[in-house]
Number of protein chains: 2
Amino acid sequence: MGTQETKERILDAAERLFAEQGFAGTSMRAITTAAGANLAAVNYHFGSKESLIDAVFTRRIRPINEERLEWLDRLEAEGDPSVEQIVEAFLAPPLRVSQDPVEGQSLLHVAQMIGHATSRPDSRIKEMLVHQFDTIIERFTRALSRQLPEVNHAQLLWRFLFMVGSMAHTMAISKDIKGYTRGLCDPNDVDGLIDAMVPFVAAGFRAPVPVGDSK
Amino acid sequence: MGTQETKERILDAAERLFAEQGFAGTSMRAITTAAGANLAAVNYHFGSKESLIDAVFTRRIRPINEERLEWLDRLEAEGDPSVEQIVEAFLAPPLRVSQDPVEGQSLLHVAQMIGHATSRPDSRIKEMLVHQFDTIIERFTRALSRQLPEVNHAQLLWRFLFMVGSMAHTMAISKDIKGYTRGLCDPNDVDGLIDAMVPFVAAGFRAPVPVGDSK
DNA sequence: GTACGATTTAAACAAACGTTTGAATCAGGA
DNA sequence: TCCTGATTCAAACGTTTGTTTAAATCGTAC
């Protein structure tokens with residue numbers, strides 16, 4: 001049959017190149033060459049480079065956000081979840097999806113791409129992100145607020161932002177973490193990374209609110 | 001005389017445009033037009049666009065890192081600083097330098113630019129960052145390790161990375177924070193931002209290390 | 001005033017970019 | 001076999017990119 005074989009190859013190649021070289025740094029020619037397709041294939045299948053970026057991004061972020069919500073649903077069905085559990089439900093899905101089940105090693109392409117996208121100057125992607133994360137932010141801040149009644153809403157949003165920052169930045173530079181830390185930190189050990197990140201973020205959420213900011 | 005007047009104007013314009021549109025998204029023509037200079041001025045004064053990026057970045061990051069080290073020196077001269085104090089010495093300088101003393105409001109161009117730079121795919125800037133932060137990382141991790149003897153070195157590096165991520169990401173998207181948080185968080189209130197960020201990060205540093213990671 | 005290095009200017013450069021075109025090729029049903 | 005729609009292909013499109021060039025202009029010391 002060959003159901004959209006070229007389309008899939010383009011998405012895979014674009015995802016890898018976007019992760020490695022960023023969106024602006026990746027040309028249509030580089031994508032189609034890596035995908036073994038003709039230059040015009042992207043415009044034929046996706047319409048434009050911008051639409052391709054959307055497609056590459058949405059293909060990954062939607063399942064990630066669905067898994068986040070399912071994870072949180074499961075936790076709340078079992079009782080009232082701890083801050084650590086809520087944080088893990090937010091952080092683990094995007095990190096786990098980066099593990100290549102075929103190669104065994106973690107390529108982290110998805111993670112790097114998401115990291116780049118979150119700090120992109122382009123406003124179009126920003127709007128997409130805001131929309132994609134609308135439900136996520138509401139559900140997770142509400143769950144966290146239940147466990148942290150002494151943290152007002154503004155402070156909770158700040159801390160949520162700091163968590164996203166820790167995650168996104170770690171993802172974005174994951175390829176170079178070994179260089180930064182002289183090999184001491186291994187970004188391919190996803191479970192170890194989650195085990196390091198969850199306590200850090202959870203403790204941050206539990207921190208006493210600054211004085212003079214009572215609400 | 002006109003001591004390098006054009007050169008300064010180009011640096012200012014480039015900094016603003018880099019912050020607003022990223023490095024790849026800003027053309028030489030946009031920079032020189034905004035600076036009121038001729039197109040060839042950048043190549044004449046800086047050699048190339050890449051060198052201009054270096055110049056724009058270095059002009060800001062060097063004083064920031066110097067202030068970080070001076071701040072830490074001062075703290076250590078007064079006694080042994082708390083985690084909160086060390087964290088503040090790292091976070092405050094890049095956030096404060098963003099405040100425009102003339103306009104009164106915080107334009108945060110520097111912060112945004114730094115945020116973009118830290119998640120840049122380009123390896124050249126990465127090397128520059130690693131080199132610029134070499135001393136910083138060593139001094140600050142050593143100071144933190146003295147207050148946190150139960151946190152092993154690998155975990156400390158992870159947490160340092162998470163701190164940088166929170167900072168860089170907040171800087172990168174500072175322009176859109178009000179949109180993300182429906183106006184509840186104001187990135188122009190730099191003191192309030194620091195007051196929110198320092199307790200979060202400090203609590204993260206103090207968090208108990210994950211089990212099975214004793215070293 | 002004249003000469004000279006520093007700077008600015010307009011113009012053009014080659015290269016790379018995303019996109020479009022129209023013919024060639026493919027697959028499957030009538 | 002022929003037809004039809006989907007896909008692929010090589011080629012070219014018009015822009016935009018960063019950079020270079022050579023002449024024009026400026027500022028200053030002689």
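A note on names: the letters A, B, ... follow the listed sequences, proteins ahead of strands, and every chain is numbered from 1.
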Practice task
Compare side-chain N and O positions of B:Thr6 against OP1 and OP2 of C:dT8 and report whether any pair is under 4.0 Å apart.
Solution key: yes
Problem - B:Glu70 with B:Arg74: basic N within carboxylate O range, under 4.0 Å - result: no
Exercise for the section: Look at A:Glu20 together with A:Arg16 and state whether they make a salt bridge at an N to O cut-off of under 4.0 Å. Expected result: yes
Handout entry: For atom CZ of B:Phe46 and atom P of C:dA6, their distance in whole Å
Key = 17 Å
Exercise for the section: Kindly indicate whether the side chain of A:Cys185, heavy atoms from C-beta on, has any atom under 4.5 Å from the side chain of B:Gln155. Expected result: no
Exercise for the section: Using whole Å, report how far NZ of A:Lys7 lies from P of D:dA6. Expected result: 13 Å
Exercise for the section: Compare side-chain N and O positions of B:His45 against OP1 and OP2 of C:dT8 and report whether any pair is under 4.0 Å apart. Expected result: yes
Fill in the blank from the handout: Per-nt protein contacts along nucleotides 12-21 of chain C (heavy atom under 4.0 Å; B base, S backbone sugar-phosphate only, - none) come out as B----BBBBB
Problem - Trace of the side chain to side chain contact (heavy atoms under 4.5 Å, CB included) decision for B:Lys49 with B:Val42 - result: CA-CA 7 Å; B:Lys49 184 185 180 182; B:Val42 169; 5.5 Å; no
Problem - Atom pair CG/CG of B:Asp191 and B:Leu95 - distance to nearest 0.5 Å - result: 10.0 Å
Practice task
Starting from P on C:dA27, measure out to CD on A:Glu5 and report it in whole angstrom.
Solution key: 11 Å
Practice task
For the pair A:Arg139 and A:Asp134, find out whether any cationic side-chain nitrogen is under 4.0 Å from an anionic carboxylate oxygen.
Solution key: no
